[in-house]
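Note that ligands are numbered from 1 as they come in the structure, with each ligand's atoms numbered from 1 the same way. Every heavy atom of this structure was used, including side-chain atoms; hydrogens, water molecules and symmetry mates were not.
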Amino acid sequence: MQPSEQAAAAPNLGVLDRELCDCRACPRLVAWREEVGRVKRKSFADETYWARPIPGFGPADARLLIVGLAPAAHGGNRTGRMFTGDRSGDILVEALHALGLANQPTSVAADDGLELRGVRFTAPVHCAPPDNKPTPGERDTCRPWLVRELELMRPSVRAMVVLGAFGWQALFPAIAAAGCWHVPKPRPAFGHGTRVELGAADGGAGLAIHGCYHVSQQNTFTGRLTPQMLRDVIGAAASEAGL
Ligand code: SF4
């Protein structure tokens, strides 16, 4: 079954997350995630890689959604949990902990006891891509999973932080397809610190979307994104979400 049919039929996030883990709709990404899991990085040679799609992580009634790009080959693709087991996850979870939105400052393994408070992670592409670059076709094939996630989270979600331009551009078509909020035309451009407010299309609450540079090492090692900048954006979005 294709993601478009399977995701649409999921009655809740638990089912959606479970079914997503069996998805094989993108041949290039399936081959890559499994090859990375076989070859492994030397430092993780004794570990069994997850090597499957990575579902969202966090409570189903989260008020704040953090949208990334795609799982990292030796991070989420290894540990089986989004933003877990690499420097990007460390920086993100450290910021959430500092803001009282996570119970611990580290994210190292799927069984490390991490709990997010009112926050959920997701991504527009759920399998690790070569060079962290999914193709437009892979992004579009994966979209129904995100669309259904947005529909199911509609009652609670009030704000989003989008990490990087890829996630930003991928999110608006998913929001439009979910049909819960109005998407401005032309679509707003990505920028760090950009904030866009979307009115409800269904009579419910609106949605505030915040842009933030991605927590990649490329940005954090060079100081393009500092821990304080990250905390400022997430803190503002969390406050709007009532957290
Ligand atoms: Fe399925 Fe998405 Fe992975 Fe493609 S990227 S195989 S649609 S989970």
Side-chain angles (χ1 to χ4, degrees), residues 1-41 47-58 60 62 65-86 88-89 92 107 110 120-154 157 160 162-179 214-216:
M1 204 189 288
Q2 284 301 300
S4 49
E5 299 162 60
Q6 210 172 356
N12 56 54
L13 269 186
V15 172
L16 187 83
D17 290 348
R18 268 201 311 279
E19 296 197 343
L20 167 75
C21 291
D22 292 326
C23 184
R24 301 181 67 83
C26 304
R28 187 183 78 117
L29 299 189
V30 171
W32 174 251
R33 75 194 192 202
E34 293 178 357
E35 187 194 331
V36 169
R38 268 193 309 275
V39 176
K40 304 181 185 180
R41 182 176 279 170
E47 293 191 28
T48 302
Y49 277 50
W50 172 253
R52 293 167 64 189
I54 318 298
F57 174 67
L65 192 63
I66 296 184
V67 182
L69 191 172
H74 302 280
N77 190 55
R78 173 174 60 89
T79 60
R81 195 176 69 190
M82 211 167 269
F83 289 114
T84 301
D86 61 11
S88 300
L92 180 57
S107 175
R120 181 172 160 97
F121 298 150
T122 193
V125 173
H126 287 274
C127 294
D131 300 324
N132 290 321
K133 284 191 183 127
T135 65
E138 288 159 353
R139 175 202 61 201
D140 294 350
T141 302
C142 206
R143 181 177 299 133
W145 296 112
L146 179 58
V147 172
R148 187 63 184 143
E149 189 171 24
L150 296 176
E151 289 169 352
L152 291 167
M153 292 184 69
R154 201 284 172 258
V157 74
M160 297 184 187
V162 186
L163 301 172
F166 182 93
W168 183 269
Q169 281 149 15
L171 178 64
F172 285 100
I175 290 178
H214 195 277
V215 289
S216 66

Candidates Ala70, Pro55, Pro53, Cys142; heavy atom nearest atom 2 (Fe) of ligand 1 found on Cys142

Closest to atom 1 (Fe) of ligand 1 among protein heavy atoms sits Cys23 SG, 2.3 Å

For Leu20, the ligand 1 atoms with a heavy-atom partner under 4.0 Å come out as 8 (S)

A student checking ligand 1 against Leu29 at a 4.0 Å heavy-atom cut-off should list atoms 5 (S)

Taking the side chain as everything from C-beta on, heavy atoms only, tell me whether Met153 gets closer than 4.5 Å to Leu13.
yes

Do [X] and [Y] sit within salt-bridge range, that is, some charged N less than 4.0 Å from a carboxylate O?
X      : Y      : value
Arg41  : Asp86  : no
Lys40  : Glu35  : no
Glu151 : Arg154 : no

- Does Cys26 bring an N, O or S atom to within less than 2.8 Å of atom 2 (Fe) of ligand 1? no

Original post:
N/O/S atom of Cys127 under 2.8 Å from atom 3 (Fe) of ligand 1, yes or no?
Top reply: yes

Parallel, tilted or perpendicular: ring planes of His74 versus Tyr49, cut at 30 and 60 degrees:
perpendicular

